[in-house]
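Shown next, in structure tokens, is the structure this report addresses.
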Amino acid sequence: LVAGAQRDTMAASAFFREALRADPRNPVLVERAFVASLANGDMAQAFELADRLVRQDAKNGLAHLALGVRAIRARNFSTARNHLSKGGNTRRGDITAILLTAWTWAGGNDYTRALEATDRLTDKPFALFRDYHAALINDLAKRPQEAARRMRAAYEAEKTTLRLVDAYARLEARQGRPDEALRAYRTFDEMLPRHPLIVDAMRRIEANQPIEPLVRSAIAGAGEVLYGLGAAGVRQGDELAAIIYLRLALHLAPDHALAAVSLGDLYERIKQGDRAIDVYDSIPKESPLRASGDLQIGLVLETMERKDEAQQH
């Protein structure tokens, strides 16, 4: 409990697993061990405990969410929907379940049902998530006009979020509107100069190099849902929930550099330097964010008083 309160997820996971050996049927211990393992990124252990947990408590939303994510990664989309239908007991649970369910339909190439699912998010605070994911689904479905319309609606509602600006500009460039893409990037660059993702994208567009879509599969789209909710949790100071969402996002999309950066930054904030280093070191070598991750590793080593390692790094 002390380790969990200090967000030392590695220690909490180890201690709860030891406690479970002495009292394996204790449902409270099973749940705490599950949450600690999930936050620690020990997915095999977390999924095993989630299976045990839903047998004891069929209404446990977080366990069903984890098992739904496991099923999405395995492309068992109907199984995923079954778990997700049992996980929406809160407003956050609702938006998570709805958007992940939408991507399960997209995974089965049923884009009509996928979009029907996103449009169930009628609350005004969720309109941004709705339009953003509807745009990504339409793009995957090769519906360019509808993808552009929905992405433009999301962008007009929020022009200061890096991921949304990048998604909008990428879509504009890929649909033959490079001038609009560069305008969006340059506007963001004036607010936050020389962000590596923005600099790299502008260089590619100006050199007439191909621009990849932000999401290239339904599994990656589900990862994008979890990243977005995790990033929102970081901004709101909801540390444990943010860690869990970002861990699940990286389980589905291991190459999601922004998710890794967000998780590393969160570990820095809660003084978990070793965990931050591990996460920053997982950023793909080819990512424009890799250099920033390496720089952060050096700075974390410095704050941990490991000065020789920091200088060498």
Side-chain angles (χ1 to χ4, degrees), residues 9 34-35 37-43 46-47 50 60-77 79-81 83-107 114 117-118 121 125-126 128-137 140 154 161-164 166-167 214-236 238-267 279 282-284:
T9 55
F34 158 66
V35 171
S37 296
L38 192 57
N40 190 43
D42 186 353
M43 291 305 178
F47 293 143
N60 189 293
L62 184 57
H64 280 295
L65 171 61
L67 294 174
V69 167
R70 181 179 68 179
I72 289 172
R73 178 161 164 164
R75 302 189 65 82
N76 295 328
F77 295 120
T79 300
R81 284 193 292 275
H83 283 297
L84 294 168
S85 68
K86 300 172 183 176
N89 299 321
T90 63
R91 291 188 84 211
R92 174 183 280 153
D94 285 339
I95 187 174
T96 306
I98 287 170
L99 290 176
L100 289 179
T101 297
W103 280 107
T104 66
W105 289 117
T118 62
L121 291 172
F126 296 155
L128 182 64
F129 282 99
R130 178 193 66 217
D131 288 329
Y132 177 57
H133 284 279
L136 295 176
I137 290 169
L140 193 65
T161 299
L162 170 65
R163 191 65 167 175
L164 187 52
D166 192 27
L214 203 64
V215 167
R216 287 177 281 184
S217 72
I219 295 173
E224 186 70 14
V225 171
L226 294 161
Y227 161 70
L229 293 169
V234 171
R235 292 192 296 271
Q236 294 164 5
D238 195 347
E239 295 162 355
L240 182 58
I243 289 171
I244 287 172
Y245 274 112
L246 291 169
R247 285 290 189 189
L248 289 170
L250 288 166
H251 182 68
L252 290 178
D255 293 339
H256 201 310
L258 273 178
V261 168
S262 297
L263 185 57
D265 178 64
L266 184 49
Y267 277 126
V279 173
S282 72
I283 297 173

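Worth saying up front: this structure is predicted, and the values here are computed from it rather than measured.
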Residue pair [X] / [Y]: nearest heavy atoms and the distance that separates them:
X	Y	result
Ala106	Ala218	C-CB, 4.1 Å
Glu239	Leu266	O-CD2, 3.8 Å
Ser262	Tyr227	OG-CE1, 3.7 Å
Ala80	Ile72	CB-CG1, 3.6 Å
Ala117	Ile98	O-CG2, 3.1 Å
Phe34	Ala50	CE1-CB, 3.7 Å

If you round to the nearest 0.5 Å, how far is [atom2] of [Y] from [atom1] of [X]?
X	Y	atom1	atom2	answer
Tyr132	Leu164	OH	CG	6.5 Å
Leu100	Leu229	CG	CG	8.0 Å
Ile244	Leu65	CD1	CG	9.0 Å
Asn76	Leu67	CG	CG	12.0 Å
Glu224	Leu258	CD	CG	8.5 Å
Leu246	Asp265	CG	CG	10.5 Å

Validation row: [X], [Y] side chains within 4.5 angstrom (heavy atoms):
X	Y	value
Leu252	Leu250	no
Arg247	Tyr245	no
Trp105	Ile137	no
Val225	Phe129	no
Val35	Leu240	yes
Thr118	Asp131	no

Parallel, tilted or perpendicular: rings of His133 and Trp103 (30°, 60°):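 It falls in the perpendicular class, over 60°.
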
- prompt: If only atom types and distance count, is the side chain of Arg130 paired as donor or acceptor with the main-chain N or O of Leu121 below 3.5 Å?
  reply: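 It does hold such a pair.
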
message: Using modelled atom types and a 3.5 Å cut-off, is there a donor and acceptor pairing between side-chain atoms of Arg73 and backbone atoms of Ile219?
response: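 Here the side-chain-to-backbone pair does not exist.
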
message: What verdict does the side chain to side chain contact (heavy atoms under 4.5 Å, CB included) test give for Arg70 and Thr79, after you've listed the backbone C-alpha separation in whole Å, the side-chain angles of each residue and the deciding distance to 0.1 Å?
response: CA-CA 10 Å; Arg70 181 179 68 179; Thr79 300; over 6 Å; no

field: Partner set under side chain to side chain contact (heavy atoms under 4.5 Å, CB included) for Val261, not counting sequence neighbours
entry: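 Side chain to side chain contact (heavy atoms under 4.5 Å, CB included) list for Val261, sorted by chain: Ile283, Leu289.
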
- request: Kindly write out the residues that satisfy side-chain hydrogen bond (donor to acceptor under 3.5 Å, both in side chains) with Arg216, not counting sequence neighbours, or none if the list is empty.
  value: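 Partners of Arg216 under the side-chain hydrogen bond (donor to acceptor under 3.5 Å, both in side chains) test: Glu212.
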
field: Donor + acceptor pair across side chains of Arg81, Thr104 (<3.5 Å)
entry: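 Looking only at side-chain atoms, Thr104 and Arg81 do form a donor-acceptor pair, the distance falling under 3.5 Å.
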
